[in-house]
Structure formats: structure tokens, C-alpha cells
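FYI, side chains are in, hydrogens and waters are out, and symmetry mates aren't considered; it's all heavy atoms of this structure.
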Number of protein chains: 2
Amino acid sequence: MLEPVAQRTTVYDVAERAGVSIATVSYTFRQPDRVRPETRELVLRAARDLGYVPSGSARGLANGRSQALGLYAFDMFLPSDLSAPRRSLDELVQWELDGLGNVRRFPLYVDEIQRGFELEARRLGRSVMLGSGASRDSLDSIDLAGSVDGLAIFPGAAARDLLEHVGRGVPVVIFSSPPMNDALHHITVDNEGAVRDLVDHLVDRHGHRSVAFLGELAAPDIGARFAGFQAALAAHGLPVPEEPFDTTVLTEDSLRTLRDAITSGDLPDALVCATDQLALTVLDLLAQHGVRVPDDVAVTGFDGIIAGRLSDPTLTTVRQPFASMGRLAVRILTDTAAGLAHPKSYVLPTRVVIGGSCGCG
Amino acid sequence: MLEPVAQRTTVYDVAERAGVSIATVSYTFRQPDRVRPETRELVLRAARDLGYVPSGSARGLANGRSQALGLYAFDMFLPSDLSAPRRSLDELVQWELDGLGNVRRFPLYVDEIQRGFELEARRLGRSVMLGSGASRDSLDSIDLAGSVDGLAIFPGAAARDLLEHVGRGVPVVIFSSPPMNDALHHITVDNEGAVRDLVDHLVDRHGHRSVAFLGELAAPDIGARFAGFQAALAAHGLPVPEEPFDTTVLTEDSLRTLRDAITSGDLPDALVCATDQLALTVLDLLAQHGVRVPDDVAVTGFDGIIAGRLSDPTLTTVRQPFASMGRLAVRILTDTAAGLAHPKSYVLPTRVVIGGSCGCG
DNA sequence: TTGTACGCGTTATCAC
DNA sequence: GTGATAACGCGTACAA
């Protein structure tokens, strides 16, 4: 069992022990061919004896790049997960085992994008740096930006100007945010088209006439989905609502309109939800009030997260190519840093996934 | 749309523009109270104008810590995912949409541990650095170790001495590896007990007498599971095998013994698989040969991954508190760095999860 | 082939 | 309250 080193071992320590200069030590690791085999062995041995591990910070400083790519999430984690006080280990374990892996919390779409990001970064031999912060004033994202060669971000409470700020120094790509005239790279999907497909299915296949949209327009992509919803209804000659039927905010009083409609027995034929997570919440609410899906009302989601395949009924939804989005982000970041140009925005295709919630079951 | 900065803006640039010294710039960000409000404004304005983002490397170098925690995976990713050549974006997207989110690949147990790690790191305001590498000779892990304040790793092709090496410099915790007399921190579950519970269930509840264990003993935890298996059989007065019934290696010829048993119609009553992934593969193989589960043979897994809840039949298995393991790792790492002592190894509890594959359906 | 010396961008310890 | 200045650990021209 090796002794831990008291203080960080540096090139100087290794050099001294090996009886060479620090340059030789550095060369031994970076350009082994430049040093005579015997010297090399000497250095490697000394390094091993001393438990030498080169400082990433120092290397990053010296050659200007950290070889790391950053991925930043704002408040994607549910409040109960993030701001929870430090619980005892026992409590954590019991809580987790009791919950037995709640699919409603993980994996969410963010996690799928992240996985693609990780895989591609790994393929390119780069490490990934994960950051997250809650408040929009938080400078966490700036901190992260200072440590990576490129940064990918999820939309959220992200102060726009803050992003523009960091975007001046390192390439930045933002997910699920429609193309804009800013300095950032955008990766989105064809939200309008996807929702149109969904509505066509509900109308053509199931003959629904009264179709409602639920979702919070604040999020950038949701706006596009609602626009697609409106366009689809118009194309079918159906009345086009000015606003979503209901919106969700994370309060006790959420989904008020829907609750009222349930109570009054005045539900639309179908509920087009802006996200799978919302759709699942809606399913819960409906079940809770004895409303049957899809018999009494059809429901659709958006994203294609795993939880939607475990619900009852399973969710009819639109699948986004999340992993590919993550991979693409890495490519944009590395290519850009290497001088290769990329379009300022990518719009990827999606695919409708038929589940039981639309009535196809 | 702001101009990107040609070269990295530094404290010097900001200082010059604000007409102050670099010390004042630094203070403005780190100890705002120490500088006069007017000066502060001056500096902040200059920083904003110049798109200043402090260098993480320089900061890390200067104060000795990066505030980042590392998580390293060896070859957890499936070959097809990692060493794939650079495919075109279109190919990637189509491939992904056709696959529609293959739960067999994600999320695996590694991902669940990672999530816990991320959540706790976030709670503590630390960023996470992800690394991975394939070969055991690879120095990637050392690279990562040099950039973080603490490192957590998954077992794998990890050269033991390599880990000991990095362990001398920064605290290291290793998952799913039984306690050893090394310098590392270990986090495991009660593998023996868990498998014992499983076997008890198969024997007591379902009356199975001929129970077989499938798994590759190479992985550290698997050995403990097999030991628990042997102990359980002994306790029931049943014959105790010296070795696993079959092992899996990632070759075409894998699961040979099982294949033969299927062909000869000489299957055991129950197949206790060392992991869920193996159990799912076994389910596939059995189905492929027309063997019904659990009617013809019972199958159990280990881990409690999500894919096991989506299979048909669903998997009877043992759930590990993955997220808690990840969280615990972060606590060990940060506490250790702060001078607080932690036990060199933790053994967490598990829970049996009854699915349909054991016959309880 | 190896050694010397400087720069990378911050932080922090001093004086002022 | 603010300004010089010395680390921090490594990479690399340049010199030897």
C-alpha cells in the first residue's frame, strides 16, 4: 500500500529524483521519442516512485486549451433532487430503494442528450465537464466556460446576454432553441412539422374534432410546437385557438383549466401536450378523476422519453433524436475550435411514435 | 450581436481598460466588498465590454484546486457505441430514430450511479468531469486525476497499480469492488446477502431445486454474488457447484453451456444471472429457442436497471441503490479533501424486486 | 539529447 | 482601498 504524497509532486520533484531537468521530464511524457531510452526509463521510474500526476490546470494554462468540453444545465433537476438538504446516507438509500428507480425523474430528455454528448466526446478523446446552476444571475456557467474549449447549454433561466457573453470567448451551442441572430449555434428539431403529424393522426385516424394544446409558451421550442398545432388545425378547417388550452406552472394550482373541464365534463376529444412530462402529469390527473384514456379523451406527448413507454396507456408521442443532438453539439464545438465552419443552426427530423394514449392501443 | 474576441481576454486587459491594477480586477470578482463600489462598477463594465471570462486553468493553478470531481469509466460503453467511425449526421439520426431509444443500452447501472454523483456534486456547487478510456495502459485516467480534486471510478480494465498511483495524489473511490487493503475507498452492496435472498425465494416460494448461476467471475462483485449463491444452496441442503453454470464473454460463442442445455432439453429449474444485462440476454436466447419463461425455466437478474422492467416477462432481480452510491462517492471525495475521515469501504443494502421472470407473475 | 528561461492567467501577500 | 509582485506547474523556444 503506497504512501499518499503529502504535497503535489511536480515535474521539479521528478526531475530532481531522476537527475535530469524538468524539460526532460516533460518531454518524456509528451514527446517520448525526443529523449534517450535510458533517460526515459529513469524519468518514468522516478515518476512512478513519487506518484507523479501532471497538473491539468498547469497544462491547460500552458497550452491554452483544456481538451474538455462543457455541458451546462440550468434547472433541469427537480427541486426535490437539487436543493435537498444533506440527508443521511441511510435515508438516501432507503428513499431510493423504496422508490425503486422512479422513471419519471430519470432518464429525462436532458440525460439522453447528455449521453450522446459523452459518447462523441469520448470518441474524440475529450473529457466532458458538467455544470449546473439554478439562478439566472449565477455565474456558474461563466465559470464553466472558463475551463472548457467549448460549451453546450440547455435552454432555461439562462440569461440571454450571459450566454452571448461567454459565446465571445468559446464556441457555444444551445439546444432546443430556435435559430436566432446571435453568436450561438442552435440545435433543434422540426417542432412544427412534428406536431402537425400528430394532429393529422388524431384528426384523420381517430376522427377527433376538438383538439386542445397544453403547454407553457415560455420555453422556446414550445412556441414552435403550438404554432405547428395551430397550422394543423387550420389545415383541417378546424377552429384555431389563440392560446393554449392550459399551461403548466410548477404550482399547486397548475392545470386549472383542465381540472375545471374534467369537473364540468366538458373535455376536448384530444389533449396535445407540449412534452411527455406534461402528458404524464395529465394522465395522472385524468386517472385520478376517473377519466379514461383513450376512451374518454386522447392524449399525446412530445419527446419520446422512456417514462412514456412505461405508463398506462403508453404515450403516443414524437421522438426526438436526442443522442444525435448531443453528438452533433460535440462536433460543432470541436470543429469550430479547429477552424471549420458550421451552420449557425441545425434542425433535425423527428418521428411519430404510436402508443396507446391516442386510441391506437 | 457581440463580436467574438480574437484572443482570450485576461485580467490584464480588463485592468487596463478600467484603469486599475490586476489585483483590483481579481478582488472585484472574488471579494467584491474589498473594492469601492465605483471602482467595482468600472471593472465590471470593462469586463462586460471585453467579454472577460476568467480562466479556469489559471485559477486552478493558482489556488491548487479545481473544484471539480472526476468520474471515470473504463469500457462501460458497448463497442458499437464507442469505437464507431465518424458517421454522418443523417446516418446517426436515422439510426437513432429507427432504434427509438434502445433501453438495452441506456440507461445502464453506470448511468444511474453517475446521476447520483452529478446531483450531489451539484448540491455542493462542484462541477463534474467525465472521462473514459478503453485500454488498461491508457493514461487517460491519470490525465483526469490531474484535473480534479477527487476521482471516482468504475471497475474494469483498470490496472490496479495505476489506480494506486493516482490514489496517492487525490482521493479515489471505486465502485462495485469489494473492500481491499489498498489506498482507495470502496463502495459496494451486500452482494452475498442479496443473492441469498434471491435463491431463498426461488427455492422456498417456487420450489426450485436445480438452480444454476451464470456470470463471469472476473468482475470483482460477481465473485461475491457467486459466493452468496453457493452459500444459499448449501443452506438449503442442495448440491453446491464449484463454478458458474455458464459464463459470458463478448464473443459469438458465448453462453455455450446454456445453448447446449437448451438443445438437449436439459435445463435447470432456475437461472440466476449475475447481472440484469446478462439476464436479458438469456431471456432473448431462451425466447429465440422457444423456451418459455417462467413456465419452462425461471430467470433472475441483478441490478434493477430499467430495461428489466420493460422486458417480457419483467425481471425478478435485486435493486442496488445506485444514485445513493454516486452521492456517497461525492461525499467521500469532498469530505476527505476537507480533512474529514471516512471508512475505507461502505457496503450498502439492496432490495429484492419481484418481477414475472421467477414465476410470480 | 538535454538544460535554461520565460510565458500562460490567477490568486494572494505584502506594502503603500 | 489599491498596486506591485511572487508563486502555482507545465510546455517549449532557444541555447548548449
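- When the side-chain nitrogen and oxygen atoms of B/Thr24 are compared with OP1 and OP2 of D/dG3, one or more of them lie within a distance under 4.0 Å.
- A salt bridge is defined here as a Lys NZ or Arg NE, NH1 or NH2 lying under 4.0 Å from an Asp or Glu carboxylate O, and B/Asp182 with B/Lys344 fails to meet this definition.
- Judged by distance alone, the side chain of A/Thr334 and the main-chain N or O of A/Val330 form a donor-acceptor pair under 3.5 Å.
- Comment: B/Glu112 does not engage B/Arg115 in a salt bridge, judged by the lack of any side-chain N to carboxylate O separation of less than 4.0 angstrom.
- No donor-acceptor pair under 3.5 Å is formed between the side chain of A/Ser66 and the backbone N or O of A/Gly60.
- Defining each end axis of the helix from C/dT1-D/dA16 to C/dC16-D/dG1 as the rotation carrying four pairs' C1' atoms onto the next four, with five pairs an end, the two axes are found to diverge by 30° to 10 degrees.
- Residues A/Arg126 and A/Asp149 are paired through a salt bridge, judged by an N-O separation under 4.0 Å between the basic side chain and the carboxylate.
- Residue A/Asp149 contributes atom CG, which lies 18 Å from atom P of C/dC8 at whole-angstrom precision.
- Among the protein residues, A/Val25 comes within range of no part of the nucleic acid, since none of its heavy atoms lies under 4.0 Å from any strand.
- Checking side-chain atoms of B/Arg48 against main-chain N and O of B/Val43 turns up no donor-acceptor pair under 3.5 Å.
- Within 4.0 Å of B/Arg34, counting heavy atoms only, lies at least one base atom of the nucleic acid.
- The interatomic distance linking B/Leu42 (CG) with D/dG1 (C1') rounds to 14 Å, in whole Å.
- To the nearest angstrom, P of C/dT2 lies 15 Å from CZ of A/Phe29.
- Of all non-hydrogen atoms in A/Met129 and B/Ala68, the two that sit nearest each other are CE-CB, 3.9 Å.
- Here A/Thr39 does not reach the OP1 or OP2 of C/dT1: none of its side-chain N or O atoms lies under 4.0 Å away.
- Using a 4.0 Å cut-off, some side-chain N or O of A/Gln31 falls inside it from OP1 or OP2 of D/dT12.
- The ring of B/Phe29 has its center closer than 6.0 angstrom to the ring center of B/Tyr52.
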What N/O pairs connect the protein and nucleotides 7-11 of chain D at under 3.5 Å? Give each pair on its own line.
residue	atom	partner	partner atom	Å
D/dG9	N2	A/Ala58	O	3.4
D/dC10	OP1	A/Tyr52	OH	2.7
D/dC10	OP1	A/Ser55	N	3.3
D/dC10	OP2	A/Val11	N	2.6
D/dC10	N4	A/Tyr12	OH	3.3
D/dG11	OP1	A/Arg30	NE	2.8
D/dG11	OP1	A/Arg59	NE	3.1
D/dG11	OP2	A/Ser26	OG	2.8

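- At a threshold of 4.0 Å, the pair A/Arg59-B/Asp143 counts as salt-bridged, since one of the basic side-chain nitrogens sits closer than that to a carboxylate oxygen.
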